[in-house]
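Reviewing the structure listed below.
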Protein chains: 2
Amino acid sequence: MATTTETAGSNAQRERRRRILDATIELADSGGFDAVQMRAVADNADVALGTLYRYFPSKIHLLVTALGREFERAEAQSRTRVVPGDTPHERVMHVLGVTTTALQKQPQLTEALTRAFMFADASVADEIHVVGMKLTAMLTHAIDGTDESREPTDEDMAIVRVIGDVWLSALMGWVTGRTQAADVTTSMDVAVRLLLR
Amino acid sequence: MATTTETAGSNAQRERRRRILDATIELADSGGFDAVQMRAVADNADVALGTLYRYFPSKIHLLVTALGREFERAEAQSRTRVVPGDTPHERVMHVLGVTTTALQKQPQLTEALTRAFMFADASVADEIHVVGMKLTAMLTHAIDGTDESREPTDEDMAIVRVIGDVWLSALMGWVTGRTQAADVTTSMDVAVRLLLR
DNA sequence: TCCGAATCTAGAACGTGTTTCAATCATACG
DNA sequence: CGTATGATTGAAACACGTTCTAGATTCGGA
C-alpha cells in the first residue's frame, strides 16, 4: 500500500502531525473558527509557526484535514451498527438526527469545521472528496437498510447528493447564527420527505 | 413609506453609497473576493476608509448588500416576462439556466458574492433575507407559470427552499474551483427532476 | 448668518494569516 | 565518526480587515 499522508515520515513527524491536529480540534472546540489561530495552534502543538505551515499550507487545509479525521471516526462507528427504522425515510432521518445531535453538542467545533469546509478552494479538493465519500457512504447505507446485497441505484446516489446539499445549507445557516439548531432537523425532514416518497 | 437604507440621508450620502457599491462590483468583477479590498474600494469610491466603514460595517456586509442590489435588478427584469415552458420542471429549469448562464459570464463577480453570502453571519440576516425572498419569488413564479391567481402551496415553498439549497451548494463547488460550470446545471437538473414529479 | 453636532478625511495602529530567513538540530550516508 | 542534506526553530516582516484619532468640512436649526 502506498504511504498516505497520515503514515509518511518519521515517528517524530507523525507525532508532530498528530499534536497539530489535536491542538486544532481543541482550539476549535473551545472557541470556534476564530479561536483556531495559527500561532496558538503552533504553540499548543509545541512546534514553530514555520513548521505548522510546512505540514499544512493554510488554516483551511488544517481545519478540513481535521474534519476528515473526525468524519473518519464517525463513519467507522456508524459502520458497526444496523440503522434502525422500517423505511428509507426513517433510517435516513435517524442517521441525520444522530449526526445533527452530535454536532449540536459541540457547536464551536462544528462552526469551525463547517466554515472551513465552505471556504475551501480547489487546492483542498482531495480532503473535501474524502468527507463527501464518507457522508455518501453513511446515507446510502441508511437508505438500503439491512439489505447488504442491494447496490445503490443511480437514483439513490442522486438523492443522497441532494440531501447532502440541503444538509450543508442548513448547517451553514445554523453555524452562522441565522437559524436555530432545530431548523436543521426540520429542513432535513422536509427534504427527505420530498425526496424519498 | 418608511425611508429605507437606500433612500436615507442627503443626496451626497446617497451618491457616496452608490459609488461605494459600484466600486465594489467593479473590483469584484475584475478580481473576485480577494480583489475587493477595503482600501481599494474606498479609493475607487473616493471616500475615506473610515467613511466606508461608517456605511458598511464589514466587507461581508458590503458584498452581501451589493449582491442584494444585483438580485433586485435580476428579479425586476424576470418579473416582466412570462417564463417559457409547459411544465413546472421546464419553467424552473429555464429560470435556473438563464441565471446560471449569467453568473458564468462573470465568474469573478459570482465568486466574490457567493463567498460573502456563505460567510455571512447573523448580523447580515436582513440582507440575506432580501436575497432569499427574491430567489423564492423567481422560483415560485416559475413553478406556477402563467396562472397568476394560483397561490404557492406549502409544498411549493418547501420545494423551492430545497432547490435553493442545492443551488447554493452547486455554486459553492463551482466558485471554489472544485467542480465545472456545467456541473451546476447538471446538479440542478437532477434535483428539480427529483422534486417536481 | 452663525453655531453646534454630525460627518468626512488622512493616516496611524492593531490583529491575524502568511512568508521569509538565518541559525540550529536531526538524520542518513560515506 | 564526520559531513551534507533536509527539517525545525525563533523571530521579523508583510498584507489586509478593522479600529481609532485628530483635525477639517458639511449640514440643519436658531
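Both backbone and side-chain heavy atoms feed into the values below; hydrogens, waters and symmetry mates do not. Residue numbers begin at 1 in each chain, while the letters A, B, ... track the order of the sequences.
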Taking Asp189(A) for its side chain and Thr186(A) for its backbone only, find out whether a donor-acceptor pair lies under 3.5 Å. no
What contact category does Phe56(B) fall into here, base, sugar-phosphate, or nothing, at under 4.0 angstrom with non-hydrogen atoms? nothing
Taken to the nearest whole Å, CG/Leu52(B) to P/dC20(D) is 16 Å
Please, which pairs that meet ring-ring contact (aromatic ring centres under 6.0 Å, His included) have at least one residue in residues 111-144 of chain B, sequence neighbours excluded? Phe119(A)-Phe119(B)
From the candidates dT9(C), dT7(C), dT8(D), the one with an atom nearest any side-chain atom of Ala48(B) is dT9(C)
Would you kindly give the CD-to-P distance between Glu15(B) and dT26(D), to the nearest whole Å? 16 Å
Spacing between Asp43(B) atom CG and dC16(D) atom P, to the nearest angstrom: 13 Å
I'd like to know if the side chain of Gln104(A) and the backbone of Ala181(A) have a donor-acceptor N/O pair within less than 3.5 Å. yes
Contact state string [nucleotides 12-19 of chain C, B base, S sugar-phosphate only, - no protein heavy atom under 4.0 Å]: -B--BBBB
To the nearest Å, give me how far apart CZ (Arg16(B)) and C1' (dA6(C)) are. 12 Å
For the backbone of Gly32(A) and the side chain of Arg115(A), can you confirm whether one donor and one acceptor N or O come within less than 3.5 Å of each other? no
It should be established whether Gln13(B) places a side-chain nitrogen or oxygen under 4.0 Å from OP1 or OP2 of nucleotide dC8(C). yes
By the 4.0 Å heavy-atom rule, please label Asp46(B) as base, sugar-phosphate, or nothing. sugar-phosphate
Closer than 4.0 angstrom, basic N to acidic O: yes or no for Arg69(B) and Glu127(B)? no
Please step through side chain to side chain contact (heavy atoms under 4.5 Å, CB included) for the pair Glu70(B) and Arg73(B), ending with a clear verdict. CA-CA 5 Å; Glu70(B) 295 295 292; Arg73(B) 195 175 301 174; 3.8 Å; yes
Please state how far atom CZ in Arg54(B) lies from atom P in dT21(D), giving the value in whole angstrom units. 15 Å
Asn11(A) atom CG is separated from dA26(C) atom P, nearest whole Å, by 15 Å
